[in-house]
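Each remark here refers to the structure printed beneath this line.
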Amino acid sequence: MYKNLSDNLKLPELEKQVLDYWKENNVFEESINQKNPNKYYTFYEGPPTANGLPGIHHVIARTVKDIICRYKTMNGFRVERKAGWDTHGLPVEVEVEKSLGIKSKSEIIEFGAVEFNNKCKESIFKYLSEWEILTERMGYWVNLESAYVTFHNEYIESVWWALKKFFDANVMYKGFKIQPFCPICESPLSSHEVAQGYVDLKDPSIYVKFKIKSGKYINSDFLVWTTTPWTLPSNVALAVNPKFTYVLIKTGNEQFILCKERLSVIKDEYEVIEEINGSELEMIEYEPLFNFFTLEKKSYYVTVGDFVTLEDGTGIVHIAPAYGEDDYNIGLKYDLPVLQAVSKNGLFREEAKPYAGKNFKEADISILEDLKKSGRLYKKEMFTHSYPHCWRHKKPLMYYATDSWFIKTTSYKDKMIEFNKMINWNPEEFGTGRFGNWLEENKDWALSRNRFWGTPLPIWYYENEDGEIVYECIGSIEELKKKAVNFNEIYPDDSSFDLHKPYIDNIKLLSETGKEMTRVPEVIDCWFDRGAMPFDQYHYPFENKDYFESHFPADFIAEGLDQTRGWFYSLHAISSFIFDKPAYKNLIVNGLILDKDGKKMSKSLGNVVNPFEMLEIYGADILRFYLVFSSPVWKSKLFNIKDLGEIKNKFFDTLINTYKFFVIYSNMMDFNYGKDTFIDVEKRAEIDKWIISKLNTTKKLFFEELDNYDITKAARILYDFTIDEVSNWYVRRNRKRFRTPESESDKFSSYCTMYEVLIEIAKMTAPIAPFISEKIFLNLTDGKSSIHLSEFTSPDDKVISEELENQMALAQKIVYLVRATRVKNNLKVRQPLRQLLVPVLNEEEKLSLLKIKDIILEEINVKELKIVEGDSGIIKKKAKPNFKSIGPKYGKEVKKAQALITGLSNTEIMKIELEGLIDKDGFRITLDDFEIITEDIEGWLVEKSENITIALDTKLDDELITEGIIREFINRIQNYRKNSNFDVNDRITIEMKTDTKISEIIKNHEKLISAEVFCDSINELKNSENDVYITDINETECILKISKTKTKGE
RNA sequence: GGGUCAGUAGCUCAGUUGGUUAGAGCGCGUGCCUUAUAAGCACGAGGUGGGAGGUUCAAUUCCUCCCUGACCCA
């Protein structure tokens, strides 16, 4: 006996039962432990941050990961899956700042670094339980208990080890660079952080007049363009391109110098007075716009540089070395002072009096107004551009000169590019295109952060006799203990040992030369923590040396495409340098999830999909299936709840009902799959062999796609097979056989086949929809193991028969054609017809057709299939040109050849068939040049599609009509039974009232009808009672009263 | 401004060495089938294959330019 699924099955409920089953039986652990430790498949989990709620986009990434891991497990691999949590970095600090109402760095110091970091530690796992619930509920198998956590001392120690590798190899350096800087964080941001925060901004774009102080052009102004008015108080120079031609013009009563190519910016009429080479302008002095600072170095003159372009502006740019990379570099070249009117917190300094205390961006407008008042503003425009913002604070960044530690990734860029070619990217273009470009344009990794909550940069320093700063990098806790002078003072016992700030800041080291060393104040970019996870998660090299080395690189990782510059890069950058190979071999990138209209999900738009809600309504199976099935995973997905319902109706309901169908009848037949009932595939019925062949072909394709990491294609193959081949053809075709098998062996043949098909479908479904597949598997087996502990069997080539599959495809095509003919001629399928004619062109076709004859006839309710052979004379043959053959042959003449071939007569075609070719109108037509199709059969109702033609005999005689009526009658009774919810086994009695012709026919065939509908007696309806069922048969009214037979004792 | 991807029916998506009727599902209309199925089938409506050029006997497919959207970079 097989257990059935309940009629009002609720998938989310079923899933919860399965979850309990897994837990009780440790199925996940078992699925790993039972495998051979030497046959492993390595997966790395990218650590999420648990201080925010998980969203639907986390579900897709986790679904992708889980599918591949489960698939590999079912292929016999040991797939260990260690979870991880990302705990460091600004996101955490920002959350804490919010909760404390802190807005700047100085407030943190006031609050106390110890307390602040404690708060961070507390906040990290604010939503841990939500994450764990989601993980478990969606069926994502990952080992949460052994999760690595980036703030643990061991984790930090491994990061230090890695940092020291960079330091010792001299690829870590302290530099002074213009960096994107968040004034609220008061910290520079790495380029991959900047990448996350571009926002469209409307900014002023202004043309400013700089008055020339002396020399030939004394009464003229330089016309200068800028989009950052707030940098003007820090201006110390101008720059022109020495290669451009500049002009002195007169417009109104003013004279300007600007680039000749940029004259279009002049709004009024003008007259060119003189052309000047850019290089001639060098060193011309001008009057400063503001006088806030007294400068010691020479300033306020024209410099030259190639970075000045013709794209916008006037060809003259203003230079503020503190706030731009080009500016800074030219400042170095000319030894310009670095003026900083705006300080690190984004506010104007005291000295810049009218603007003192103002935010840099907000000061733009006042500066504009002041320039206008002093007559220095030529014109003002507003323009929209995308400007980098802090990805957490959502506030504009400043470009700001700060000192910072870097990893010189540019020094091994070529290696990274080379290693990238070894990685199997899915989709491929992301690797070659997006990631590849990123590597090509690689910049040094800005590693340090002037923050609190992060892995401390393990660098200590002292000043030597020559006044030089000497740095030393610490690579392990042991080294720290050894070199520290006050270790026990700072960390009196084990419980106080914490490598974070501010404790670590108090540790002093003793240098080899006997000097006391102090730690630098910075922490590191938390992307480094994440990118170090391959070895860090095992506390390598301090522990698990062998294990790590054999489990590196990863066979597989997967994340969203937003990780291209994030995790994918940091893994690659660290691994390329330290281990001299890529960190992962295969990866799947998934796209963003947008709402159903293609808009980004955001709280403000209220279009955010809550994953917990989806899991509650539809369940994990449907959600998972939808996410990978509906569109390729790497594409942006337009999430439409409606489509989840479709997945349920189509795939899951079909699968479940196919299963239920099998269970109902196998229990009725007392069938149990096993030795006693097993029949070799070779001995099974043709249609059973067919579905087994199809099954194996499907498995082959399915495995191919998944081995190729194409989950979507695999899911679609499974979907089509289950619905089209199994449910809509195999099961539907065989319902009668299941109910009333011809023989014992026929019964076993069909039931064995069905059982095997169901098990195999369940197995293929298992990685994608792990719950329902588990339930079906458990019900069909002894119920003690798990589908996830089972393994795939390879497709069996011996049972695949292309011939058989083609034959069935032919049968299906013929059936569709006959149905179409019936519809067009208003002939219901219930009305039997005499015969069907199918022309064949050769012996092979004829044999195929004979094999599938019965299937066709039964399906379309026709008595006889007549095969008409090609040479019988009644078929009209037609030639259809084969362009692949005639195209290259005739080139421009192809149209003529086409006409010629289409016009070939029946006899001409037969001649080519016999002789192989024909010469006509200068063309030599051979058999390859066309396909023969049968166009028409004289005197018949013909239907054709592609190269199949059928003809249907639609004449009805008394016998056929009688049979039709009987079928109609049976149909009415069955409909009634179904609509009245009679049990399949209920026996009934029928009373009826209709015209004499129909009555007679029914009476005469009472036995046959009764057997079909489980009826005990058919009598005439005497009284017209109320609860009768009025219907019609072939437009004749028929009144029926159908009741359950009363059994004795009732 | 640059890069990657995408643009095919109202919606979601298929479609490869370039080959002549561009498909499916959902939705819509009509009819049909069926006691496993909220399923299925047939017919119909719905397409200038984003636009413009080019290569070719032949372009949804290859090339160029442009437009739109998403993501990324500057």
Side-chain angles (χ1 to χ4, degrees), chain A residues 4 191-192 194-196 198 309 311-312 385-386 388 427 429-438 440-441 560-562 564-565 591-592 594 596-600 629-632 634-638 640 642-643 645-650 652-665 712-713 716 719-720 723-724 727-729 731-732 735 738-739 815-824 826-830 859 861 880-898 945-946 971 973-984 986 1013-1014:
Chain A
N4 209 340
S191 47
H192 30 278
V194 175
Q196 310 199 13
Y198 278 84
T309 67
E311 276 160 28
D312 304 288
H385 61 158
S386 69
E429 305 77 44
F430 278 76
T432 51
R434 185 175 285 216
F435 196 64
N437 285 340
W438 168 250
E440 295 283 349
E441 291 168 23
L561 63 84
D562 50 327
T564 310
R565 266 84 175 184
L592 297 177
L594 308 171
K596 66 178 169 46
D597 302 315
K599 292 220 178 65
K600 233 179 177 172
F629 171 87
S630 65
S631 62
W634 52 269
K635 265 186 142 178
S636 299
K637 188 175 296 289
L638 277 52
N640 194 345
K642 202 185 82 200
D643 292 341
E646 193 186 325
I647 298 283
K648 177 184 184 293
N649 290 349
K650 290 275 194 176
F652 286 91
D653 283 358
T654 302
L655 175 62
I656 288 165
N657 278 302
T658 306
Y659 169 78
K660 282 164 93 169
F661 171 83
F662 171 77
V663 170
I664 289 170
Y665 287 106
T712 305
K713 278 206 179 124
R716 286 177 177 175
Y719 178 97
D720 288 343
I723 296 172
D724 295 342
S727 174
N728 289 339
W729 191 256
V731 175
R732 200 170 51 78
R735 273 180 298 200
F738 281 104
R739 218 176 146 185
V815 167
Y816 297 148
L817 282 175
V818 173
R819 287 212 190 108
T821 316
R822 276 181 171 273
V823 168
K824 281 182 190 162
N826 198 22
L827 289 161
K828 292 182 177 180
V829 177
R830 271 193 296 270
E859 186 72 16
N861 198 16
K880 189 180 155 198
N882 175 10
F883 281 89
K884 266 193 176 166
S885 167
I886 61 171
K889 235 186 207 170
Y890 299 116
K892 291 196 177 179
E893 300 287 297
V894 81
K895 288 248 160 72
K896 279 186 198 161
Q898 176 189 12
S945 117
E946 290 168 40
N971 165 262
I973 307 297
Q974 300 290 39
N975 280 349
Y976 184 86
R977 290 185 64 119
K978 188 180 177 184
N979 294 336
S980 314
N981 289 324
F982 284 15
D983 189 83
V984 182
D986 283 338
V1013 300
F1014 277 40

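Keep in mind that what you see is a predicted model, and the values were worked out from it rather than measured. Order of the sequence lines fixes the chain letters, A, B, ..., with proteins taken first and strands second; residue numbering starts at 1 for each chain.
- For the C1' atoms, the distance from B/C67 to B/A52 is 10 Å, rounded to whole Å.
- Partners of A/Lys635 according to the salt bridge (Lys or Arg N to Asp or Glu O under 4.0 Å) rule, which considers only residues two or more places apart in sequence or in another chain, do not exist here.
- A/Arg735 has a side-chain polar atom (N or O) that falls below the 4.0 Å cut-off from OP1 or OP2 of B/A36.
- Under the rule for a salt bridge (Lys or Arg N to Asp or Glu O under 4.0 Å), the partners of A/Lys648 that lie at least two apart in sequence or sit in another chain are A/Asp653.
- With both ends at atom P, the span from B/C13 to B/U56 equals 37 Å, rounded to whole Å.
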Per-nucleotide protein contact string for nucleotides 2-10 of chain B, where B marks a base within reach and S marks sugar-phosphate only (heavy atoms under 4.0 Å, - for neither): -BBS-----
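- Within the 4.0 Å cut-off from OP1 or OP2 of B/A36, not a single side-chain nitrogen or oxygen of A/Tyr659 is found.
- With both ends at atom C1', the span from B/G10 to B/G46 equals 8 Å, rounded to whole Å.
- Look at the P atom in both B/G54 and B/G31: the space between them is 50 Å, to the nearest Å.
- Residues A/Gln898 and A/Tyr890 have side chains not in contact (no heavy-atom distance under 4.5 Å, counting atoms from C-beta outward).
- Applying the ring pair (Phe, Tyr, Trp, His ring centres under 6.0 Å) rule to A/Phe662 yields the partners A/Tyr2; only residues at least two apart in sequence or on another chain are considered.
- The P atoms of B/U55 and B/U17 are separated by 23 Å, rounded to the nearest whole Å.
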Filtered N/O pairs between nucleotides 56-59 of chain B and protein, under 3.5 Å:
residue: B/C57; atom: O4'; partner: A/Gly891; partner atom: O; Å: 3.1
residue: B/C57; atom: O4'; partner: A/Lys892; partner atom: N; Å: 3.3
residue: B/C57; atom: N1; partner: A/Gly891; partner atom: O; Å: 3.4

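- Secondary-structure stems of RNA chain B, taken as three or more successive Watson-Crick or G-U wobble pairs (i with j, i+1 with j-1) under a 3.5 Å distance threshold, comprise B:1-7 with B:67-73, B:10-13 with B:23-26, B:28-32 with B:40-44, B:50-54 with B:62-66.
- Taking 3.5 Å as the limit, the base of B/A36 and the side chain of A/Ser727 contain a donor-acceptor pair of atoms between them.
- On the P atoms, B/A45 is 16 Å away from B/G25, given to the nearest whole Å.
- The side chain of A/Asn649 contributes no N or O atom lying less than 4.0 Å from OP1 or OP2 of B/U37.
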